[in-house]
Amino acid sequence: MTFDLHADPIQLTAALVDVPSVSLDEVKIADLVEQALREQTTGFEVLRHGNVVLARTHRGLPTRVILAGHLDTVPIADNVPSRPDTVDGEPVLFGCGTVDMKSGDAVFLHLAATIAEPAHDLTLIFYDAEEIAAEFNGLGRIERELPEWLDGDLAILGEPSGGWIEAGCQGTLRVRLSTAGVRAHSARAWLGVNAIHGLAPVLARLSAYEAREVDIDGCVYREGLSAVRVSGGVAGNVVPDAAEVDVNFRFAPDRTVEQAIAHVREVFDGLDVDFVVTDSSPGALPGLTAPAARTLIDSVNAHGGGGVRAKYGWTDVSRFAARGIPAVNFGPGDPNLAHKRDEHVPLSQITAVAAMLRTYLSAR
């Protein structure tokens, strides 16, 4: 079996989906992507690093654009192989990864093989283990071990965006707030101190919290502070002596992680709770004023693209932003369908995104 990079990217999407590649099981698809890039493209240096496949040109052009996409998917849910069908009369392709994000990968691979005279030097990164814990993420491994491969003037991640340019991403912070009490029999509750009741002021502040909205480069990011887990209780007849609530803060990329932590501390200032940070990742500024990003926006807008909007959630664009490289999410598919049993992508979006990126990458 081989991938035909010169085929229509719709066909290439189906071929990619038909190769199962659940996280940590990407050897076969990485082998096929590597083989196709070596045999069907010209002018690319190709490197294999674990189950990451890298390729780049060295044409001496004034700008370099990075096209990055992950090869792995969430576990298959009886949705491989791919299946063409229609939804509300529109032709679509069903299958695990059609949205997240093998259609984006297919567009990138097809363009690498079919653009003879690119306007920018190109770097392609197809990586593994994006859908699981960050410690396994192949792009993170490249960042640590081959950081020069992440250098460029603009990074485009093929994450599903419905044909919109989704700029930057939110940061995320998780903290655990704990209360202590005194255990007692619930029939003599006055002899104890109920730790669950001690969470009431925390929940009250969360309920009263007003999320900030901030406009950055024309993209409006709305923050959110939410309780995502509550734990406490010993038995049905015991006043609990310990309770905790996990709080998730999704913050705009104009805040650093340290500023986000300080803000959340301020929200709960004065309460008798223990405060522990359990997880954090920085956001990514959109960087849309950078020349390479501005050119992409103009090209997409001129060819009927959806426009520009903020990315809600965290993606690997954050890794590029931390290096001072503008980064956007731009790919076919509705992100709300990612990971679903009925995951599907409109064929028209694959065609449209491929055409818009071809124009941008070929412009002189």
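Fair warning: this is a prediction, and the values are worked out from it, not measured in the lab.
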K.L.:
Any side-chain donor-acceptor pair under 3.5 Å between Ser226 and Arg250?
P.N.:
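Per modelled atom types, Ser226 and Arg250 side chains form no pair under 3.5 Å.
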
K.L.:
Does any part of the side chain of Leu12, heavy atoms only, come nearer than 4.5 Å to the side chain of Leu5, both counted from C-beta?
P.N.:
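The answer is yes; the side chains approach within 4.5 Å.
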
K.L.:
Which pair of heavy atoms, one from Pro253 and one from Ala284, lies closest together, and at what distance?
P.N.:
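Looks like CB-O, 3.3 Å.
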
K.L.:
Rounded to the nearest 0.5 Å, how far apart are CZ of Arg319 and CD1 of Ile142?
P.N.:
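Answer for the CZ-CD1 pair, Arg319 versus Ile142, is 11.0 Å.
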
K.L.:
For the pair Arg341 (side chain) and Cys96 (backbone), establish whether a donor and an acceptor sit closer than 3.5 Å, ignoring hydrogens and angles.
P.N.:
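No, because the side chain of Arg341 does not come within donor-acceptor range (under 3.5 Å) of the backbone of Cys96.
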
K.L.:
What's the separation between atom OH in Tyr221 and atom CG in Leu285, rounded to the nearest 0.5 Å?
P.N.:
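Tyr221 atom OH to Leu285 atom CG measures 7.5 Å (nearest 0.5 Å).
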
K.L.:
Using only atom types and a distance under 3.5 Å, with no angle test, would you say the side chain of Asp85 pairs donor to acceptor with the backbone of Val92?
P.N.:
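No, the answer is negative, given that no donor and acceptor are paired below the 3.5 Å cut-off.
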
K.L.:
Strictly below 4.0 Å, N to O, side chains only: are Arg229 and Glu244 in salt-bridge contact?
P.N.:
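Looking at Arg229 and Glu244, the cut-off is met.
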
K.L.:
Does any part of the side chain of Glu166, heavy atoms only, come nearer than 4.5 Å to the side chain of Val328, both counted from C-beta?
P.N.:
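With C-beta onward as the side chain, the pair stays apart.
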
K.L.:
Would you compute the distance between atom NE2 of His110 and atom CD1 of Ile350 and round it to the nearest 0.5 angstrom?
P.N.:
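If we round to the nearest 0.5 Å, His110:NE2 and Ile350:CD1 are 11.5 Å apart.
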
K.L.:
Should Ile66 and Leu146 be regarded as members of a common hydrophobic cluster, given that ILVMFWY residues are connected when their side-chain heavy atoms come within less than 4.5 Å of each other, either directly or indirectly?
P.N.:
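Yes, same cluster.
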
K.L.:
Within the supplied structure, the quantity of interest is the number of heavy atoms (other residues, nucleotides, ligands) at a distance under 6.0 Å from Glu210 CD; does it exceed 12?
P.N.:
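Counting other residues, nucleotides and ligands, CD of Glu210 stays at 12 neighbours or fewer.
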
K.L.:
To the closest 0.5 Å, what do you measure between CD (Glu26) and CG (Leu32)?
P.N.:
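Reported value, rounded in 0.5 Å steps: 13.0 Å.
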
K.L.:
Please check if the number of heavy atoms outside Asn237 that lie under 6.0 Å from its CG is greater than 12.
P.N.:
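Buried by this count: over 12 neighbours within 6.0 Å.
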
K.L.:
Is it true that the side chains of Ser23 and Asp72 contain a donor and an acceptor less than 3.5 Å apart?
P.N.:
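Note: Ser23 and Asp72 side chains meet the donor-acceptor criterion.
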
K.L.:
Has Glu343 got a side-chain atom pairing as donor or acceptor with Val99's backbone, closer than 3.5 angstrom?
P.N.:
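Yes, the answer is positive, given that a donor and an acceptor are paired below the 3.5 Å cut-off.
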
K.L.:
With heavy-atom distances below 4.5 Å as the criterion, would you say the side chains of Val17 and Phe94 are in contact?
P.N.:
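No, every pair of side-chain atoms sits at 4.5 Å or beyond.
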
K.L.:
Give a yes or no on whether the ring-centroid distance for His120 and Tyr360 is below 6.0 angstrom.
P.N.:
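Yes, close enough.
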
K.L.:
One pair to check against side-chain contact (heavy atoms from CB on, under 4.5 Å): Arg183 and Val234. What are the steps and the verdict?
P.N.:
CA-CA 9 Å; Arg183 189 179 297 197; Val234 179; 3.7 Å; yes

K.L.:
May I ask you to decide if Cys219's main-chain N or O and Asp217's side chain share a donor-acceptor pair within less than 3.5 Å?
P.N.:
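Checking the backbone N and O of Cys219 against the side chain of Asp217, no donor-acceptor pair under 3.5 Å is found.
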
K.L.:
Answer yes if Val46 and Leu54 sit in the same cluster of Ile, Leu, Val, Met, Phe, Trp and Tyr residues linked by side chain heavy atoms under 4.5 Å apart, and no otherwise.
P.N.:
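Not linked; separate clusters.
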
K.L.:
What closest approach, in Å, do Thr42 and Arg59 show between heavy atoms, and which atom pair accounts for it?
P.N.:
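For Thr42 and Arg59, the tightest heavy-atom pair comes out as O-NH2, 4.4 Å.
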
K.L.:
Could you tell me if the side chain of Val22 sits less than 4.5 Å from the side chain of Val74, heavy atoms only?
P.N.:
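No, side chains not in contact.
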
K.L.:
Do Asp18 and Ser82 meet the criterion of a side-chain donor-acceptor pair at a distance under 3.5 Å?
P.N.:
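The criterion, which ignores hydrogens and geometry beyond distance, is satisfied for Ser82 and Asp18.
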
K.L.:
Please lay out, stage by stage, how His185 and Leu191 fare under the test side-chain contact (heavy atoms from CB on, under 4.5 Å).
P.N.:
CA-CA 8 Å; His185 196 296; Leu191 298 178; over 6 Å; no

K.L.:
With no hydrogens and no angle check, is any side-chain donor or acceptor of Ser299 less than 3.5 Å from a backbone partner on Thr295?
P.N.:
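Answer holds: no.
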
K.L.:
List the atom of Leu24, the atom of Ala129, and the distance in Å for their closest heavy-atom pair.
P.N.:
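Closest heavy-atom pair between Leu24 and Ala129: CD2-CB, 4.3 Å.
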
K.L.:
Would the distance check show the side chain of Thr57 and the main-chain N or O of Phe44 forming a donor-acceptor pair, the cut-off being under 3.5 Å?
P.N.:
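No: the side chain of Thr57 does not pair with the backbone of Phe44.
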
K.L.:
Taking the side chain from Ser318 and the backbone from Pro282, do they hold a donor-acceptor pair closer than 3.5 Å?
P.N.:
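Yes.
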
K.L.:
Taking side-chain contact (heavy atoms from CB on, under 4.5 Å) as the test, write out the residues that go with Asn301, two or more places apart.
P.N.:
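Applying side-chain contact (heavy atoms from CB on, under 4.5 Å) to Asn301 gives Ile297.
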
K.L.:
Just to verify, what does Asp25 make a side-chain contact (heavy atoms from CB on, under 4.5 Å) with, not counting sequence neighbours?
P.N.:
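Testing Asp25 for side-chain contact (heavy atoms from CB on, under 4.5 Å), a comparison that skips the adjacent residues, returns none.
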
K.L.:
Between Asp254 and Arg212 (salt bridge meaning N to carboxylate O under 4.0 Å), is one present in this structure?
P.N.:
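Salt bridge present between Asp254 and Arg212.
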
K.L.:
Indicate the atoms forming the closest heavy-atom contact of Ala242 with Ala195, along with that distance.
P.N.:
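Nearest heavy atoms, Ala242 then Ala195: N-CB, 3.3 Å.
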
K.L.:
For the side chain of Ser103 and the backbone of Thr98, is there at least one donor-acceptor N/O pair under 3.5 Å apart?
P.N.:
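Checked: pair present.
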
K.L.:
Considering non-hydrogen atoms only, spot the tightest contact between Ala354 and Leu111 and give its length.
P.N.:
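Of all heavy-atom pairs spanning Ala354 and Leu111, the closest is O-CD2, 3.8 Å.
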
K.L.:
What about Ile125 and Met101, same hydrophobic cluster or not, with Ile/Leu/Val/Met/Phe/Trp/Tyr joined at side-chain heavy-atom distances under 4.5 Å?
P.N.:
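Shared cluster, no.
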
K.L.:
Salt bridge between Arg176 and Asp246, side-chain N to carboxylate O under 4.0 Å?
P.N.:
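A salt bridge links Arg176 with Asp246.
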
K.L.:
Could you tell me the separation between the CZ atom of Arg255 and the CD atom of Glu223, rounded to the nearest 0.5 Å?
P.N.:
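The CZ atom of Arg255 sits 4.0 Å away from the CD atom of Glu223.
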
K.L.:
For His70, run the side chain to side chain donor-acceptor pair (under 3.5 Å) check against Asp128, Asp100, Asp316 and tell me which one passes.
P.N.:
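With His70 as partner, Asp128, Asp100, Asp316 yield a single side chain to side chain donor-acceptor pair (under 3.5 Å), made by Asp100.
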
K.L.:
Please answer whether the main-chain N or O of Ala189 pairs with a side-chain N or O of Ser186 as donor and acceptor at a distance below 3.5 Å.
P.N.:
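Flag not set: sc Ser186 to bb Ala189 has no pair under 3.5 Å.
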
K.L.:
How far apart are the C-alpha atoms of Leu67 and Thr123, what are their side-chain angles, what is the distance that settles it, and do they pass the side-chain contact (heavy atoms from CB on, under 4.5 Å) test?
P.N.:
CA-CA 6 Å; Leu67 305 176; Thr123 297; over 6 Å; no

K.L.:
State yes or no: do Phe126 and Leu357 share one hydrophobic cluster built from I, L, V, M, F, W and Y residues joined by side-chain heavy-atom distances below 4.5 Å, directly or via other members?
P.N.:
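Result: yes, single cluster for both.
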
K.L.:
If you measure from the Lys or Arg side-chain nitrogens to the Asp or Glu carboxylate oxygens, is any gap between Asp121 and Arg56 under 4.0 Å?
P.N.:
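Salt bridge: no.
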
K.L.:
Among all residues two or more places apart in sequence or in another chain, which pass the ring-ring contact (aromatic ring centres under 6.0 Å, His included) test with Phe249?
P.N.:
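Testing Phe249 for ring-ring contact (aromatic ring centres under 6.0 Å, His included), a comparison that skips the adjacent residues, returns Phe251, His263.
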
K.L.:
Are any of the side-chain nitrogens in Lys311 or Glu159 under 4.0 Å away from the carboxylate oxygens of its partner?
P.N.:
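Looking at Lys311 and Glu159, the cut-off is not met.
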
K.L.:
Please determine whether a side-chain nitrogen of the Lys or Arg among Arg294 and Asp298 lies less than 4.0 Å from a carboxylate oxygen of the Asp or Glu.
P.N.:
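Salt bridge between Arg294 and Asp298, a charged N being under 4.0 Å from a carboxylate O: yes.
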
K.L.:
Between Leu71 and Lys102, is there a side-chain heavy-atom distance shorter than 4.5 Å?
P.N.:
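A side-chain contact is absent here, since even the closest heavy-atom pair is not under 4.5 Å.
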
K.L.:
State, yes or no, whether a side-chain contact exists between Ile325 and Asp153 at a heavy-atom distance under 4.5 Å.
P.N.:
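With C-beta onward as the side chain, the pair stays apart.
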
K.L.:
Report yes or no: do Phe108 and Val353 belong to one cluster of Ile/Leu/Val/Met/Phe/Trp/Tyr joined by side chain heavy-atom distances under 4.5 Å?
P.N.:
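Yes, Phe108 and Val353 fall within the same hydrophobic cluster.
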
K.L.:
Within the structure provided, determine whether Arg141 and Val52 are in side-chain contact (heavy-atom separation under 4.5 Å).
P.N.:
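Yes, close enough: below the 4.5 Å cut-off.
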
K.L.:
For Glu266, is the CD atom crowded, meaning more than 12 foreign heavy atoms sit under 6.0 Å from it?
P.N.:
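Check fails, neighbour count at 12 or below.
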
K.L.:
Could you tell me if the side chain of Leu173 sits less than 4.5 Å from the side chain of Asn248, heavy atoms only?
P.N.:
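The answer is no; the side chains never approach within 4.5 Å.
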
K.L.:
Check the pair Asp334 / Val345 against side-chain contact (heavy atoms from CB on, under 4.5 Å), numbers first and verdict last.
P.N.:
CA-CA 7 Å; Asp334 180 351; Val345 61; over 6 Å; no

K.L.:
Hey, what do you get for CD1 (Ile165) to CG (Leu288), rounding to the nearest 0.5 Å?
P.N.:
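So the CD1 of Ile165 and the CG of Leu288 are separated by 7.5 Å.
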
K.L.:
Say whether Glu90 and Ser348, considering side chains only, have a donor N or O and an acceptor N or O under 3.5 Å apart.
P.N.:
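Indeed, the side chains of Glu90 and Ser348 share at least one donor-acceptor pair under 3.5 Å.
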
K.L.:
Look at the side chain of His344 and the backbone N and O of Asp342, then say whether any donor-acceptor pair between them is shorter than 3.5 Å.
P.N.:
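Yes.
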
K.L.:
Could you walk me through whether Ser280 and Arg174 pass the side-chain hydrogen bond (donor to acceptor under 3.5 Å, both in side chains) check?
P.N.:
CA-CA 6 Å; Ser280 65; Arg174 278 185 284 273; over 6 Å; no

